[in-house]
Novice: 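First the structure, which I've put down as structure tokens, then a few questions once you've had a look.
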Amino acid sequence: MIDQNEIKPPNSSPGLKEEVSVKRPIGETTNRAKNERTEIKIIKENDDFEALEQEWNELAWESDTRIFQTFEWNHIWWKHFGKNKKLHIVAVYTGSKLTGIAPFFEDDIVLFGRKVYCCLRFLGSFVSQPEGEPLTGSISYSDYLDCIVLPGYEKIFFKNILHYLREAKTGFDELIMDEIPENSFIRNEMIPLMEHAGYELNYEVEDASSSPVIQLNSTWKEYLNTLNAKSRNTARRYFKRSIKGNKNAFK
């Protein structure tokens with residue numbers, strides 16, 4: 001566990017993804033922040049989740065997000081991987097406007113019929129394969145996970161999220177936010193607020209995985225010119241196959 005006063009600033013690697021783990025019993029009651037007309041709503045039912053679609057996508061459109069923060073991606077992911085789990089989406093409203101979403105679900109460990117551990121994780125996080133799939137173990141089908149926050153409301157949003165995590169009392173042991181980009185709201189807004197505002201939350205940051213970036217040329221011809229003769233001929237051949245609809249072109 002890393003002490004809040006010793007954590008190092010993020011490095012400059014653009015493709016690094018991380019996992020942030022916050023350990024603290026947290027809760028589920030709706031809370032209204034004083035003097036900010038801000039309200040937290042906890043979404044636990046599928047019907048309430050689906051009712052958020054328009055507001056969710058309007059917020060995602062205005063925020064600095066990727067496809068993995070859209071309503072469609074999260075809803076489809078939950079449909080296929082949410083079996084035997086519980087929604088715990090934290091929606092923050094300022095006035096009547098949705099200004100932030102933390103798209104969590106509850107992940108439990110049960111031994112001998114008794115729950116021994118419970119954490120909150122992002123929709124899209126590592127999960128066991130659906131029943132009937134040939135793969136085993138855990139796998140993530142999402143990248144660049146993060147909260148969704150309206151520009152200009154970052155501090156208000158995370159102030160309310162941290163207050164919720166610290167004050168509510170339903171017995172969650174940990175909040176795990178994996179596959180987040182280095183330039184995420186979590187790193188840039190939540191962690192500095194935790195450090196400087198005196199929130200009594202223990203946390204650690206770990207390098208989780210890398211996300212390679214390929215800088216593409218302006219045109220296909222320019223790209224081919226960067227290859228050696230053999231690779232250039234191979235690329236042309238497979239490109240022609242793809243144009244003709246050959247399914248093996250990308251094998």
Side-chain angles (χ1 to χ4, degrees), residues 4 7 9-10 17-18 20-22 24 26-44 48-75 78 87-105 120-125 142-168 172 175-201 203 205:
Q4 295 180 17
I7 190 167
K17 292 182 291 181
E18 299 176 318
V20 176
S21 174
V22 179
R24 179 74 177 182
I26 55 182
E28 65 178 72
T29 56
T30 300
N31 165 67
R32 185 177 295 277
K34 295 180 179 178
N35 303 322
E36 292 181 341
R37 298 189 301 108
T38 301
E39 181 182 5
I40 290 180
K41 295 182 180 179
I42 309 303
I43 308 301
K44 291 191 171 186
D48 295 330
F49 182 15
E50 293 174 356
L52 272 180
E53 179 175 2
Q54 182 175 345
E55 287 182 295
W56 184 308
N57 275 340
E58 287 176 356
L59 175 62
W61 181 261
E62 295 181 72
S63 180
D64 182 18
T65 59
R66 298 175 171 87
I67 188 174
F68 304 106
Q69 280 78 54
T70 60
F71 174 86
E72 288 79 7
W73 184 277
N74 283 273
H75 187 261
W78 180 249
L87 281 172
H88 200 103
I89 298 170
V90 183
V92 177
Y93 287 80
T94 303
S96 60
K97 184 175 179 61
L98 179 64
T99 52
I101 297 173
F104 297 140
F105 71 96
L120 293 182
R121 304 180 72 179
F122 277 133
L123 298 175
S125 296
S142 302
D143 269 318
Y144 306 112
L145 301 180
D146 204 353
C147 295
I148 312 166
V149 189
L150 187 68
Y153 289 81
E154 294 87 353
K155 286 183 171 55
I156 294 175
F157 174 77
F158 284 108
K159 178 181 177 181
N160 281 273
I161 291 292
L162 289 172
H163 180 80
Y164 173 73
L165 298 180
R166 183 179 63 178
E167 299 298 330
F172 291 103
L175 167 62
I176 298 177
M177 296 169 284
D178 49 20
E179 295 299 312
I180 66 171
E182 230 183 6
N183 60 347
S184 67
F185 288 122
I186 306 298
R187 281 302 300 264
N188 293 340
E189 300 292 341
M190 192 176 89
I191 289 179
L193 187 60
M194 288 169 61
E195 292 177 338
H196 301 300
Y199 288 93
E200 298 175 359
L201 295 165
Y203 69 91
V205 181

Novice: Show the nearest heavy-atom pair for residues Pro103 and Asn74, with the distance to one decimal.
Specialist: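 Smallest heavy-atom distance, with atoms named: CB-OD1, 4.2 Å.
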Novice: Main chain of Val149, side chain of Ser63: is a donor-acceptor contact present, judged purely on distance under 3.5 Å?
Specialist: yes
Novice: Rounded to the nearest 0.5 Å, what separation is found between the CD1 atom of Ile43 and the CG atom of Leu52?
Specialist: 5.0 Å
Novice: Kindly indicate, with the supporting measurements, whether the criterion side-chain contact (heavy atoms from CB on, under 4.5 Å) is fulfilled by Cys147 and Phe122.
Specialist: CA-CA 9 Å; Cys147 295; Phe122 277 133; 4.0 Å; yes
Novice: Give me the atom names and distance for the closest heavy-atom approach of Leu145 to Leu123.
Specialist: CD2-O, 3.8 Å
Novice: Take Thr65 and Thr70, measure what side-chain contact (heavy atoms from CB on, under 4.5 Å) needs, and give me the verdict at the end.
Specialist: CA-CA 8 Å; Thr65 59; Thr70 60; 5.8 Å; no
Novice: Given side-chain contact (heavy atoms from CB on, under 4.5 Å), test Phe68 with Asp143 step by step and report yes or no.
Specialist: CA-CA 7 Å; Phe68 304 106; Asp143 269 318; 3.8 Å; yes
Novice: Spell out, as yes or no, whether a donor-acceptor pair under 3.5 Å connects the side chain of Glu154 to the backbone of Gly152.
Specialist: yes
Novice: Go through the structure and list residues passing ring pair (Phe, Tyr, Trp, His ring centres under 6.0 Å) with Tyr153, not counting sequence neighbours.
Specialist: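 Applying ring pair (Phe, Tyr, Trp, His ring centres under 6.0 Å) to Tyr153 gives none.
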Novice: Roughly how far, to the nearest 0.5 Å, is CZ of Phe71 from CG of Leu59?
Specialist: 13.0 Å
Novice: Could you check Glu55, Glu62, Glu58 and say which one makes a salt bridge (charged side-chain N to carboxylate O under 4.0 Å, His left out) with Lys97?
Specialist: Glu62
Novice: If you measure from CD1 on Ile89 to CH2 on Trp56, what distance do you get to the nearest 0.5 Å?
Specialist: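 Ile89 atom CD1 to Trp56 atom CH2 measures 4.5 Å (nearest 0.5 Å).
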Novice: Which heavy atom in Phe158 sits nearest to a heavy atom in Leu193, and how many Å separate them?
Specialist: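 In this case the closest contact between Phe158 and Leu193 is C-CD2, 3.8 Å.
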Novice: Can you measure from OH (Tyr93) to CD1 (Ile101) and round to the nearest 0.5 angstrom?
Specialist: 7.5 Å
Novice: So how far is it from Phe105 CZ to Trp78 CH2, rounded to the nearest 0.5 Å?
Specialist: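 Answer rounded to 0.5 Å: 7.0 Å.
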Novice: Has Thr99 got a side-chain atom pairing as donor or acceptor with Val92's backbone, closer than 3.5 angstrom?
Specialist: yes
Novice: Side chains of Ile67 and Glu72: closer than 4.5 Å at any heavy-atom pair?
Specialist: no
Novice: Shortest non-hydrogen contact from Gly100 to Phe157?
Specialist: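 Taking every non-hydrogen atom into account, C-CE1, 3.3 Å.
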Novice: Can you check whether His88 reaches Lys44 side chain to side chain, under 4.5 Å on heavy atoms?
Specialist: yes
Novice: To the nearest 0.5 angstrom, please state how far the CG atom of Asp146 sits from the CD atom of Gln69.
Specialist: 6.0 Å
Novice: Can you tell if the side chain of Ile42 reaches within under 4.5 Å of the side chain of Ile40, non-hydrogen atoms only?
Specialist: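 The answer is yes, as the side chains (C-beta and beyond) meet within the 4.5 Å cut-off.
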Novice: Quick one: closest heavy-atom pair of Asn188 and Asn183, and the distance?
Specialist: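 Smallest interatomic distance, heavy atoms only, reads ND2-O, 3.2 Å.
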Novice: For Met177 and Met190, what are the C-alpha separation, side-chain angles and deciding distance, and is it a side-chain contact (heavy atoms from CB on, under 4.5 Å)?
Specialist: CA-CA 12 Å; Met177 296 169 284; Met190 192 176 89; 3.3 Å; yes
